[in-house]
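Heads up: the structure comes next, in structure tokens.
Note on naming: letters A, B, ... go to the chains in the order of the sequence lines (proteins, then strands), and numbering restarts at 1 for each one. Values reported hereafter were calculated over all heavy atoms of this structure, with side chains retained and with hydrogens, waters and symmetry mates removed.
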Amino acid sequence: MESRKFVLLDIDYITEGDKAVIRMFGRLEGDEEGQSIIVLDKNFKPYIYVLPLDPEQCMADLNEFDIEMVGWVRINYLGEMKDFLKVTLHHPQDVPKLRDKIRNLGSVKDILEHDIPFYRRYLIDKNIFPMGQVLVNGKCVDSASISFSCDTDVCIFELEGKPKQVESGFPDLKTLSFDIEVRNPKGMPQAEEDPIIMMSLSSNQGLKKVLSTKSSDLEFVETLKTEAHIIQRFFEIVRSENPDILLGYNSDNFDMPYIRDRAAKLNVKPNLGVDGSGIKFMRRGYANSALVKGRIHVDLYLLMRRYLQLDRYTLERVYKELFDEAKEDVPGDEIYQYWDEGGEKLKKLFEYSLDDAVAVTKIAEKMLPLSMELTRIVGQPFFDIARMATGQMVEWYLIRKAHEIGDMVPNKPSSSQYSERRGKKAAGGYVKDPVKGLHENIVSFDFRSLYPSIIISKNVSPDTLVLECDDDDCYTAPEVGHKFLKKPIGFVPSIIGNILEERVRLKTAMKMAENPREKQVLDVQQQALKRLANSMYGVYGYSRFRWYRIECAEAVTAWGRDFIKKTMEKAENFGFKAIYADTDGFYATFVDQETESE
DNA sequence: GACTGGCGGGG
DNA sequence: GTGTACGCCAGTC
């Protein structure tokens, strides 16, 4: 048996025969450092939990289905130990096929953990983390024996036993940014008519290139015969550069679909993936995403919307915000004129095109570390994390933690529960409208992590919420009166507690660190934890969340209002006068008593 | 106010 | 794919 150590980049599953096979895409460490690896695991089965009404009947009913196996397990479900039937199925797609039938059985009360995608289930159950190092035992297999095509220098490895997470530092990854220009004389580009005239590439290892059908004396321009050749050459470069991360700007919605459409029209095979596959498009509600197997396609536009607070999110605007430098711009509707005119204008267009790709590389260098760290903490693929709202990350973090301590994961709300929840809204933080005028002698006060602190100190959690209890045994929220047991420590409070403790540890380490690179890494890590801790309050108030509980949301904000008001009163007793307050802090002027009495 | 429809980015 | 999910603002009544 051999072993391999690799950075886990991405994960999915394929079907061989009637069996699901997990594929982990990675970058090898050690002897064959830098080589791509695909690790196969053929021994992971999907499962769901069934909460029975009539245990014996339920067991009998379940055995009527074509399932792998079924057995009893005792699991903590929102503060109560309950007996569940763990139903193991043959294939992930049996889950959606069978779950409604099972749920509707008369002997069944509810089904749980039936909507966790197979690859996510794998990461959680095996306790491994994308962007971290994983150690596997097993053997290399011949590329002839696998059901997908693959470049010859990719190591295919069949795993035996369990993958193991290895403590590791920040991985050094290869990124490749790309951008396309289109000749669209009227309106927005239409893939049916308007050809791609340039494709730009920029890597974090120095590659700078513009592919085009026109030539130039600019050294970064490579001229090709036709548009089809440009696209083909683009795919070729991606494969030979073999980046871990592919970067674009609004590429989920523009560049990738456009490349797909033009490639299809011109009969060019889009074999961008590590496994030789093309670009896969997925509808995620309102948004689309473009996926390239084994490389992580990241659309920076989505990330920038999340991380920066701006009026607009054009590439120029974001670049200016981060680097305080203007970027040369060619207006979109004039690109075809620059192209047609040639000469200096064309040269400018080449420069602009490359500049866009280079800007994306620069932005990524600054902004990706935070997402990478969130990936390592939340433990879901980078591709998903780059498209997830923080609230969703919190949820997946909690799902992992629930599994870790053996708690059942609550279901997502049904559509009727969702619409019922949407009608309710917890009152927000206390706001005192600002006193108009120009104030002097201003002091400011704010609570550090107000809501996370309340959740911890008042043990606010769905599993500690009770209707009745002795005052000595519980905390009672002001105004709303919700009660929370003092013991045991609730699920969410214990997790926020761990996050905050870990953050304190990192901040201490950061202060002690002498190496600036190390300091920077620790700083990103503590920022990621801060984001998670601060978003955790949201799980109680957002209608779509599994741990939603309006009473918890109401209690947290009620205590918040209580604290800020009491603090303001105390400050006023000392001669301060509050002039503005919002949620977790206030501004006050100091009124000098002696001056005033004169 | 309560509700609906459109839009963001990209060329 | 153990799919189908935003959040804001302008315009209308």
Side-chain angles (χ1 to χ4, degrees), chain A residues 12-15 20 44-49 87-100 102-103 111-122 124-125 178-191 193-199 248-259 262 280-291 299-306 310-318 329-339 349 352-353 356 360 384 387-392 395 399 409 411-413 415 418 423 542-545:
Chain A
D12 71 353
Y13 84 90
I14 52 167
T15 301
F44 189 63
K45 295 274 179 230
Y47 61 88
I48 62 171
Y49 294 104
V87 182
T88 307
L89 303 162
H90 301 305
H91 192 275
Q93 294 190 348
D94 291 344
V95 176
K97 271 185 208 152
L98 292 181
R99 73 180 155 205
D100 287 336
I102 294 176
R103 190 182 4 230
I111 54 170
L112 288 119
E113 303 201 6
H114 57 84
D115 53 3
I116 296 172
F118 195 55
Y119 66 93
R120 294 195 178 180
R121 180 86 268 176
Y122 187 85
I124 293 166
D125 288 22
F178 67 101
D179 182 43
I180 66 171
E181 310 303 328
V182 172
R183 186 183 177 282
N184 56 309
K186 43 184 199 294
M188 284 305 290
Q190 303 294 323
E193 287 136 38
D194 306 328
I196 292 173
I197 51 177
M198 294 180 188
M199 291 180 102
Y249 202 82
N250 201 26
S251 41
D252 270 345
N253 281 303
F254 180 71
D255 301 64
M256 284 297 202
Y258 211 92
I259 291 169
R262 293 305 294 180
K280 199 180 159 194
F281 291 85
M282 300 195 296
R283 205 157 266 150
R284 304 189 149 211
Y286 66 101
N288 300 316
S289 52
L291 182 150
D299 183 343
L300 281 189
Y301 166 64
L302 296 161
L303 281 189
M304 295 307 99
R305 290 199 69 140
R306 209 154 306 128
L310 302 175
D311 48 346
R312 294 175 321 134
Y313 294 87
T314 60
L315 185 54
E316 280 176 271
R317 179 70 189 83
V318 166
D329 188 39
V330 175
D333 53 4
E334 291 172 25
I335 285 177
Y336 79 97
Q337 293 166 341
Y338 279 65
W339 173 256
L349 187 59
Y352 158 77
S353 181
D356 269 7
V360 167
D384 296 352
R387 289 164 179 79
M388 243 182 226
T390 325
Q392 289 296 321
E395 186 159 287
I399 290 172
V409 176
N411 282 331
K412 282 193 279 198
S415 58
Y418 177 62
Y542 300 151
S543 332
R544 238 178 307 93
F545 287 167

What does [X] touch in the nucleic acid at a heavy-atom separation under 4.0 angstrom: a base, only the sugar-phosphate, or nothing?
{"X": "Gln93(A)", "answer": "base"}
{"X": "Asp179(A)", "answer": "sugar-phosphate"}
{"X": "Glu113(A)", "answer": "base"}
{"X": "Ile116(A)", "answer": "base"}
{"X": "Gly187(A)", "answer": "base"}
{"X": "Tyr47(A)", "answer": "base"}
{"X": "Lys280(A)", "answer": "sugar-phosphate"}
{"X": "Leu89(A)", "answer": "nothing"}
{"X": "Leu302(A)", "answer": "nothing"}
{"X": "Asn184(A)", "answer": "base"}
{"X": "Asp100(A)", "answer": "nothing"}

TODO: Answer yes or no: does a side-chain N or O of Tyr338(A) lie under 4.0 Å from OP1 or OP2 of dG11(B)?
DONE: no

Rounded to whole Å, please give me the gap between [atom1] in [X] and [atom2] in [N].
{"X": "Asp329(A)", "N": "dG10(B)", "atom1": "CG", "atom2": "C1'", "answer": "12 Å"}
{"X": "Arg312(A)", "N": "dG7(C)", "atom1": "CZ", "atom2": "C1'", "answer": "19 Å"}
{"X": "Met188(A)", "N": "dG11(B)", "atom1": "CE", "atom2": "P", "answer": "8 Å"}
{"X": "Asp125(A)", "N": "dT2(C)", "atom1": "CG", "atom2": "P", "answer": "14 Å"}
{"X": "Lys412(A)", "N": "dA5(C)", "atom1": "NZ", "atom2": "C1'", "answer": "8 Å"}
{"X": "Met199(A)", "N": "dG11(B)", "atom1": "CE", "atom2": "P", "answer": "13 Å"}
{"X": "Ile196(A)", "N": "dG10(B)", "atom1": "CD1", "atom2": "P", "answer": "17 Å"}
{"X": "Met282(A)", "N": "dA5(C)", "atom1": "CE", "atom2": "P", "answer": "15 Å"}

- [ ] Inspect the contact between Arg99(A) and Asp115(A) and indicate whether a charged nitrogen and a carboxylate oxygen are less than 4.0 angstrom apart.
- [x] no

- [ ] Answer yes or no: are there more than 12 heavy-atom neighbours, outside Tyr542(A) itself, under 6.0 Å from its atom OH?
- [x] no

TODO: Name the orientation class of the two ring planes belonging to Phe118(A) and Phe44(A) (parallel below 30°, tilted from 30 to 60°, perpendicular beyond 60°).
DONE: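 Rings of Phe118(A) and Phe44(A): tilted, 30 to 60°.
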
- [ ] Name the orientation class of the two ring planes belonging to Phe254(A) and Tyr258(A) (parallel below 30°, tilted from 30 to 60°, perpendicular beyond 60°).
- [x] tilted

So if I take every side-chain heavy atom of [X] and compare against [options], which nucleotide ends up nearest?
{"X": "Tyr313(A)", "options": "dT2(C), dG11(B), dG9(B)", "value": "dG9(B)"}
{"X": "Pro96(A)", "options": "dG11(B), dT2(C), dC6(C)", "value": "dT2(C)"}
{"X": "Arg283(A)", "options": "dG8(B), dG10(B), dT4(C)", "value": "dT4(C)"}
{"X": "His114(A)", "options": "dG1(C), dT2(C), dG10(B)", "value": "dT2(C)"}
{"X": "Pro46(A)", "options": "dT2(C), dG9(B), dG11(B)", "value": "dT2(C)"}
{"X": "Asn250(A)", "options": "dG10(B), dA5(C), dG3(C)", "value": "dG10(B)"}
{"X": "Tyr301(A)", "options": "dG9(B), dG3(C), dG11(B)", "value": "dG9(B)"}
{"X": "Arg305(A)", "options": "dG10(B), dG8(B), dT2(C)", "value": "dG8(B)"}
{"X": "Tyr352(A)", "options": "dT2(C), dG11(B), dG7(C)", "value": "dG11(B)"}
{"X": "Tyr249(A)", "options": "dG10(B), dT2(C), dG7(C)", "value": "dG10(B)"}

[atom1]-based separation of [M] from [N] [nearest Å]:
{"N": "dT4(C)", "M": "dC8(C)", "atom1": "P", "answer": "23 Å"}
{"N": "dA5(C)", "M": "dG1(C)", "atom1": "C1'", "answer": "15 Å"}
{"N": "dG11(B)", "M": "dC6(C)", "atom1": "C1'", "answer": "25 Å"}

Open item on the list: If we ignore hydrogens and angles and just use 3.5 Å, is the side chain of Asp179(A) paired with the main-chain N or O of Asp356(A) as donor and acceptor?
Closed with: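 No, the answer is negative, given that no donor and acceptor are paired below the 3.5 Å cut-off.
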
Task: Under 3.5 Å donor-acceptor, Asp252(A) side chain and Ala290(A) backbone - done: yes

Task: Among Tyr301(A), Tyr249(A), Phe178(A), side chain to side chain contact (heavy atoms under 4.5 Å, CB included) partner for Val360(A) - done: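 So, applying the side chain to side chain contact (heavy atoms under 4.5 Å, CB included) to Val360(A) and each of Tyr301(A), Tyr249(A), Phe178(A), only Tyr249(A) qualifies.
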
